[in-house]
Amino acid sequence: MTPFTVVVVDDSLTTRALITAALKRDGRIKVVGTASTPFEARDLIVRLNPDVLTLDFEMPSMNGLQFLEKIMRLRPMPVVMVSGHLASHKGLVEQALRMGAAEWYSKVAPEGGTDPFAGLGDAIVRAAETKTLPPVSTVSPADKTIAAPKTGVVVGIGASTGGVEALTEVLEHFPEDCPATVIVQHMPKQFSESFARRLNRIVKPEVRLAEDGDVLKPGTVYVASGGERHLRVRAGVRRGEYVCQLIAGPPVNGHRPSVDELFYSLAKVVGKNAVGVILTGMECDGAQGLLAMRHAGASTIGQDRASSVIYGMPRAAFELGAVETQLPLSAIGQAILNRCERRSLETYP
């Protein structure tokens with residue numbers, strides 16, 4: 001395999017050296033240049049034509065978002081945004097993803113780790129392997145409506161404690177013609193219907209409780225009813241068609257419905273055309289299922305510690321290696337849409 005070529009852009013000499021050293025240990029990647037300013041980076045992009053650019057948020061003369069806007073307008077390419085201060089950059093992360101950045105990466109080492117850039121190679125490879133697409137905001141609703149049913153992109157989301165408000169914030173980013181979305185939120189049965197009705201009033205897509213046999217359709221969010229049956233997804237009659245399946249059975253990880261049950265079914269049936277998301281919640285439900293989704297080629301996203309009410313489920317998934325990208329809650333909705341656009345356009349005939 002020919003290594004992906006990368007230009008590293010950061011105003012700190014030390015950070016450039018650390019990133020370069022980390023990437024040199026990854027045989028999939030070759031650093032072909034480094035730059036301390038957007039102006040140096042511009043010249044390197046023209047001269048070296050790299051596969052991917054890593055771009056710091058904070059730089060002199062022109063900040064990372066300003067430079068990202070110019071890149072996406074003049075020379076679109078996969079860009080991995082790199083941030084050292086997540087707390088002050090939550091809104092910027094969301095903005096960068098909306099503008100067309102392929103990935104976001106934190107300079108802060110994960111808990112228990114010593115190398116903050118140990119996972120950067122994976123982010124770069126993911127960015128390089130996706131086609132460069134226009135920002136989501138520039139894709140017309142008609143394009144989304146055509147792509148989604150043809151490719152059968154499905155979003156699966158799992159949440160528990162703190163998930164009611166987290167799901168509301170994620171779904172507020174979804175357009176009326178969003179990809180078909182299935183949700184397991186741990187809650188008693190008597191609250192499920194009112195929760196779905198509340199979401200339906202607040203967000204643009206239609207939100208309703210999942211019924212056995214429902215054919216998943218773009219523009220619809222299906223919420224599992226609490227307490228009685230697990231929600232799975234099975235293949236439909238037509239190619240690319242998926243159907244809700246409600247299954248009686250014992251609790252899994254102490255829960256019915258279980259996030260793991262949903263995620264395992266998405267891994268088996270939808271595979272690489274799925275996007276899995278694990279949000280705030282206690283314990284570990286969903287971690288193993290999300291890992292199965294990642295192994296099946298799906299995109300996987302986890303909520304970060306700082307924005308989680310309870311960093312239990314996201315942490316279990318992250319430590320298991322099930323999470324491709326950790327993001328603050330404010331950035332997850334847009335990140336889901338970006339990944340769905342890529343899945344749709346990569347498989348569109």
Side-chain angles (χ1 to χ4, degrees), residues 148-149 152-161 163-164 166-168 170-171 174 178-201 203 205-271 273-279 281-293 296 298 300 313 317 322 336 340:
V153 178
V154 177
V155 177
I157 306 178
S160 188
T161 309
V164 171
L167 284 165
T168 301
V170 169
L171 294 178
F174 280 25
C178 72
T181 301
V182 283
I183 292 175
V184 168
Q185 161 69 50
H186 296 158
M187 63 170 50
K189 178 184 177 183
Q190 61 267 32
F191 298 121
S192 299
E193 186 172 353
S194 60
F195 173 56
R197 284 201 307 266
R198 174 177 177 267
L199 281 177
N200 192 51
R201 290 194 303 268
V203 303
E206 178 187 357
V207 182
R208 65 189 193 200
L209 289 183
E211 298 287 347
D212 191 56
D214 279 345
V215 176
L216 299 187
K217 298 178 181 178
T220 308
V221 177
Y222 304 83
V223 178
S225 181
E228 292 185 336
R229 293 178 289 180
H230 295 293
L231 172 60
R232 297 177 184 169
V233 171
R234 64 173 175 82
V237 176
R238 300 177 182 84
R239 183 175 177 229
E241 181 180 85
Y242 304 104
V243 178
C244 290
Q245 185 178 33
L246 301 183
I247 300 293
V252 175
N253 301 318
H255 298 284
R256 186 176 54 213
S258 163
V259 180
D260 264 336
E261 286 288 304
L262 173 62
F263 285 173
Y264 278 130
S265 71
L266 290 172
K268 180 179 180 180
V269 177
V270 185
N273 277 347
V275 176
V277 183
I278 194 157
L279 301 177
M282 295 179 66
E283 301 175 336
C284 63
D285 189 28
Q288 293 286 350
L290 195 69
L291 181 63
M293 289 186 69
T300 60
M313 287 163 50
I336 293 170
C340 287

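In this chain, residues are counted from 1 in sequence order. Please read all numbers here as calculations on a predicted model, not as lab measurements.
The backbone N or O of L290 sits nowhere less than 3.5 Å from a side-chain atom of T300 that would complete a donor-acceptor pair. When atom types are taken as modelled, the side chain of S258 and the backbone of H255 share no donor-acceptor pair closer than 3.5 angstrom. Distance alone, capped at 3.5 Å, is enough to place a donor-acceptor pair between the D212 side chain and the L246 backbone. At distances below 3.5 Å, at least one donor-acceptor pair connects side-chain atoms of R256 with backbone N or O atoms of G249.
Across all non-hydrogen atoms, the minimal contact from V259 to A159 is CG2-N, 4.2 Å. Annotation for A287 and A322: closest pair O-CB, 3.7 Å, computed over non-hydrogen atoms. Closest approach of T168 to R198, counting heavy atoms only: OG1-NH1, 3.3 Å.
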Identify every side-chain donor-acceptor pair in residues 215-226 under 3.5 Å, counting partners at least two apart or on other chains, and give the distances.
from, atom 1, to, atom 2, distance (Å)
Y222, OH, V215, O, 3.0
Y222, OH, K217, N, 3.1

When the side chains of residues 231-238 are checked against the rest of the protein, which donor-acceptor pairs come out under 3.5 Å, sequence neighbours left out?
from, atom 1, to, atom 2, distance (Å)
R232, NE, E261, OE1, 2.8
R232, NH2, E261, OE1, 2.7
R238, NH1, E241, OE2, 3.1

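Proximity of C340 to V155: side-chain heavy atoms (C-beta onward) are separated by under 4.5 Å at one or more points. Using a 4.5 Å heavy-atom cutoff, the side chains of E211 and C244 are not in contact. With contacts defined as side-chain heavy-atom distances shorter than 4.5 Å, the pair F263/Q288 does not qualify.
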| Which is it for M187 and V164 under the side-chain contact (heavy atoms from CB on, under 4.5 Å) test, yes or no, and what are the steps along the way? | CA-CA 9 Å; M187 63 170 50; V164 171; 3.8 Å; yes

| task | Check the pair Y242, L266 against side-chain contact (heavy atoms from CB on, under 4.5 Å), reporting the backbone distance first and the verdict last. | result | CA-CA 10 Å; Y242 304 104; L266 290 172; over 6 Å; no

| request: Give the C-alpha distance, both sets of side-chain angles, the deciding distance and a yes or no for side-chain contact (heavy atoms from CB on, under 4.5 Å) between M293 and L291. | output: CA-CA 5 Å; M293 289 186 69; L291 181 63; over 6 Å; no

| task | Using the side-chain contact (heavy atoms from CB on, under 4.5 Å) rule, take D214 and V243 through it: C-alpha gap first, then chi angles, then the decisive distance, then the call. | result | CA-CA 5 Å; D214 279 345; V243 178; 5.8 Å; no

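Sorted by first then second residue, the salt bridge (charged side-chain N to carboxylate O under 4.0 Å, His left out) pairs that include residues 179-193, not counting sequence neighbours, are K189-E228, E193-R197.
Here L279 contributes atom CG and I157 contributes atom CD1; the two are 6.0 Å apart, rounded to the nearest 0.5 Å. Within the model, atoms CG of L199 and CG of L171 stand 6.0 Å from one another, a figure rounded to the nearest 0.5 Å. Considering CE of M313 and OG of S160, their distance stands at 5.5 Å, rounded to 0.5 Å. Summarising the geometry, atom SG belonging to C284 is positioned 9.0 Å from atom CD1 belonging to I278; distances are rounded to the nearest 0.5 Å.
Listed by chain and number, the residues in a side chain to side chain donor-acceptor pair (under 3.5 Å) with N253 are D260, D285 (sequence neighbours excluded). Residues meeting the side chain to side chain donor-acceptor pair (under 3.5 Å) test with T181, sequence neighbours left out: none. Every residue was checked against the ring-ring contact (aromatic ring centres under 6.0 Å, His included) condition with H230, not counting sequence neighbours, and none meets it.
Looking at V207, I336, V203 one by one, the single match for side-chain contact (heavy atoms from CB on, under 4.5 Å) with F174 turns out to be I336.
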